[in-house]
> 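One structure is given below, represented as structure tokens, and several questions about it will come after.
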Number of protein chains: 2
Amino acid sequence: MGNKGEALRQRIVASADQLFYQQGYENTSFSDIAEDVGISRGNFYYHFKSKDEILNAVIDTRLTDIVQMLDEWSKKYTDPKQRIFEFIDILTNHQNNIKNHGCPLGSLCTELAKQNHPMLRDANKMFAVQRDWLTVQLKELGLGKGAKQVAMHLLAHSQGIATITNAFEDQNFLRQEVRRLKQWLDEQIQGQNKSGN
Amino acid sequence: MGNKGEALRQRIVASADQLFYQQGYENTSFSDIAEDVGISRGNFYYHFKSKDEILNAVIDTRLTDIVQMLDEWSKKYTDPKQRIFEFIDILTNHQNNIKNHGCPLGSLCTELAKQNHPMLRDANKMFAVQRDWLTVQLKELGLGKGAKQVAMHLLAHSQGIATITNAFEDQNFLRQEVRRLKQWLDEQIQGQNKSGN
DNA sequence: CAATAATTAGGACATATATCCTATTTTAAT
DNA sequence: ATTAAAATAGGATATATGTCCTAATTATTG
């Protein structure tokens, strides 16, 4: 099995990943990716026989990357709250990209949903693993039954921040809302035994 | 000036509006719209000389519709809180469409941003008028300086709800979060004089 | 009714793009 | 080193699409 081919394959996926994020999936052509990688279309086609195939590979990589990132945080930080704050800080750390291209996960799902693309159900797994990880953290913080709902709210709020930041091209709003989100989370943790949830 | 032409023009815009929402802007062709209206491409081109022109017309209509909707609520309800609840209920009232196609405003802005389309700045006015209207309502409720921030949060949260509902194709989540959003707004109004904002 | 303007239809054209195919070059295996 | 497999390049093809053009039809106006 070609070792060289595998390396190129990964370069192609990385390129496609970037371009899909910056320009959108449909709006990115085989030629775009091939040119970005510096290979011919024919060679590209040797590695990926269809556009769905490269999309599938991109989603897989993103999913793997997300899981790895979450795992690292689980190891690196003992405090679940700190872990969640790390999650929220993704927004701040990528504010410039978000301003220009929105959220990579959200904007991809939005596009796939619009085209009724069957791979939406693979793409939204990227959200699902985050939701599940957040739920675990929140349960450790004492939120019982409500943990999953709060996790979903965290996802939704993050998405909203990304969409509006992107629409208004306004990073200030992002920072403002991140502050609000952290504050909200604090309250959520503080009041966790108010209603015995 | 042709009266007949104006009527057809409006039918075209209405069709484009729908199709842009359901399939996305780039993914909708002249032929798609012409076919949907029941006219020839040539005739279509007589009314709209470019794709940007029809996009512009769609954004204009949406903007007009939004302003009209907000004006009506301002007249129909005297209680600003009820007005805002009406705004939030858009989500519930369109839950099936949102599940399938997301938010018409948000998904359009996301697409335009991704293509670096200059008309993004026109499209986000659809959000801006909502933000301003919400700000007015919130000020009437006693939120002073914080009104605009709360208005923006309302927009962002709504967007997040739409994006996640769409990504997971899950209307239950929408209803859940709408409840949460209304509750949050209540608290916001209740505690409006806590910090004297 | 005549003539001018508005409207409509449908074809022409250039371009872009996903996909396929074949020839050539590079790498790996015996 | 020779041979088989892997990798790469670049052209061919079919299709879609935005845009343009011209001829025909309909509506309007004097």
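This one's a predicted model, so the numbers in the text were calculated from it and none came from an experiment. To find a chain, count down the sequence lines: A is the first, B the second, and so on, and within it residues start at 1.
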> Got a sec, which residues hit side chain to side chain contact (heavy atoms under 4.5 Å, CB included) with A/S158, two or more places apart in sequence or on another chain?
A/F87, A/L91, A/L181
> Considering non-hydrogen atoms only, spot the tightest contact between A/A123 and A/L112 and give its length.
CB-CD1, 3.8 Å
> Relative to the ring of B/F30, is the ring of B/Y45 parallel (under 30°), tilted (30 to 60°) or perpendicular (over 60°)?
tilted
> Just grab all the ring-ring contact (aromatic ring centres under 6.0 Å, His included) pairs involving residues 151-181 of chain A, residues at least two apart or on different chains.
A/H153-A/H157, A/H153-A/W184, A/H153-B/H157, A/H157-B/H153
> Once rounded to the nearest 0.5 Å, what's the spacing between atom CD of A/Q137 and atom CG of A/L154?
11.0 Å
> Would you give the length of the straight line joining atom CD1 of A/I161 to atom OG1 of A/T92, rounded to the nearest 0.5 angstrom?
8.5 Å
> What pairs with A/R9 under side chain to side chain contact (heavy atoms under 4.5 Å, CB included), at least two apart in sequence or on another chain?
A/E6, A/H47, A/F48, A/A57
> Does atom CG of B/N116 have more than 12 heavy-atom neighbours, drawn from other residues, nucleotides or ligands, at distances under 6.0 Å?
no
> Considering only residues two or more places apart or on different chains, which pairs with a residue in residues 31-51 of chain A satisfy salt bridge (charged side-chain N to carboxylate O under 4.0 Å, His left out)?
none
> What residues in residues 111-120 of chain A put a non-hydrogen atom under 4.0 Å from any atom of DNA chain D?
none
> Within residues 11-34 of chain B, find the residues that approach DNA chain D with a heavy atom at under 4.0 Å, and present them sorted by residue number.
B/T28, B/S29, B/F30
> Just jot down the side chain to side chain contact (heavy atoms under 4.5 Å, CB included) partners of A/A14, sequence neighbours excluded, or say none.
none
> Considering residues at least two apart in sequence or located in another chain, which fulfil the side chain to side chain contact (heavy atoms under 4.5 Å, CB included) criterion with A/N100?
A/N96
> Expressed as a whole number of angstroms, how long is the span from A/F48:CZ to D/dT8:P?
12 Å
> Would you give a per-nucleotide map of nucleotides 9-15 of chain D, 5' to 3', where B means the base has a protein non-hydrogen atom under 4.0 Å away, S means only the sugar-phosphate does, and - means neither?
BBBB---
> Residues of residues 49-59 of chain A with any non-hydrogen atom less than 4.0 angstrom from an atom of DNA chain C: list those, numerically ordered, please.
A/S50, A/K51
> Could you state the CZ-C1' distance from A/R9 to D/dT8, rounded to the nearest angstrom?
17 Å
> So does A/Y46 get a side-chain nitrogen or oxygen closer than 4.0 Å to the phosphate oxygens (OP1/OP2) of D/dT8?
no
> Less than 4.0 angstrom between a side-chain N/O of A/H47 and OP1 or OP2 of D/dT8, yes or no?
yes
> Quick one: salt bridge (charged side-chain N to carboxylate O under 4.0 Å, His left out) pairs with a partner in residues 72-99 of chain A, sequence neighbours left out?
A/K81-A/D186, A/R83-A/E140, A/D89-A/K182
> Taking only residues at least two apart or on different chains, which pairs with a member in residues 105-125 of chain B satisfy salt bridge (charged side-chain N to carboxylate O under 4.0 Å, His left out)?
A/E169-B/R121, B/D122-B/K125
